[in-house]
Amino acid sequence: MSHYHLNVPQFQGKPHAKFQALAKPIGAVCNINCDYCYYLDKQQLLDYPNERPYKMNDVMLERYIRQYIQGQNTAEIVFSWHGGEPTMLGLSYFKRIVEIQEKYAKPNVKIVNDIQTNGLLINDKWCQFFAKHAFSVGLSIDGPEHLHNTYRKNAVGRARLVK
């Protein structure tokens with residue numbers, strides 16, 4: 001009978017397996033209607049208990065963050081915020097995210113955040129917040145102006161102009 005030794009990564013003397021989940025705290029809700037977006041059809045499936053705007057409420061947000069932190073045994077925990085368009089939740093929502101993360105942070109563990117955004121709501125206050133809390137920001141664009149403006153439309157079908 002053969003015995004196999006698994007080389008399992010260790011953190012603070014305990015085995016770990018790093019994992020990452022994408023949180024969609026606003027679901028499929030977005031402030032533009034890109035022609036190619038595979039989430040547009042999902043907006044019709046939203047069946048939240050009459051909660052508008054569609055968002056992960058504070059109780060669920062805290063539960064998610066707490067359990068996500070508690071469920072990992074790594075030197076770095078990465079939170080990825082996606083949508084729809086997550087910035088539609090507002091800056092105060094993301095300030096609350098950081099507060100909750102700090103509340104449940106483990107000693108000697110780095111918490112990292114990244115966000116994927118179309119950038120339409122980003123202003124100086126958002127940029128200051130992202131810099132202060134070391135958020136990695138992914139900006140969704142479709143290339144040069146003529147391509148970008150062809151497929152990315154607002155709610156009434158007009159191009160979101162990028163120059």
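As the structure is a computational prediction, the values presented were derived from the model and not from experiment.
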Is V137 linked to V112 within one hydrophobic cluster, defined over Ile, Leu, Val, Met, Phe, Trp and Tyr using a side-chain heavy-atom separation of less than 4.5 Å? no
Do the side chains of Y104 and I111 join up, straight or via other hydrophobic residues, at under 4.5 Å, putting them in one cluster? yes
Nearest-0.5 Å distance that lies between atom [atom1] in [X] and atom [atom2] in [Y]:
X    : Y    : atom1 : atom2 : value
I97  : I65  : CD1   : CD1   : 5.5 Å
L121 : N31  : CG    : CG    : 5.0 Å
I100 : R66  : CD1   : CZ    : 10.5 Å
T74  : K110 : OG1   : NZ    : 12.0 Å
M60  : K55  : CE    : NZ    : 13.5 Å
L89  : I26  : CG    : CD1   : 4.0 Å

I'd like to know if the side chain of [X] and the backbone of [Y] have a donor-acceptor N/O pair within less than 3.5 Å.
X    : Y   : answer
Y64  : P25 : no
K106 : Q72 : yes
Y93  : D58 : no

How about S80 and Q116: does a side-chain donor come under 3.5 Å of a side-chain acceptor? no
Are E85 and T87 close enough that a side-chain donor and a side-chain acceptor fall under 3.5 Å? yes
For V78 and Y68, work out which heavy atoms get closest and say how close. O-OH, 2.8 Å
If I compare all heavy atoms of C127 with all of I122, which pair ends up nearest, and what's the gap? SG-CG2, 3.6 Å
Could you go through the side chain to side chain contact (heavy atoms under 4.5 Å, CB included) check for W126 and F94 one step at a time? CA-CA 10 Å; W126 275 104; F94 281 85; 3.6 Å; yes
Look at the rings of H133 and F129 and say which category their plane angle falls in: under 30° parallel, 30 to 60° tilted, over 60° perpendicular. tilted
Crowding at CG, D124 (>12 non-hydrogen neighbours, <6.0 Å): no
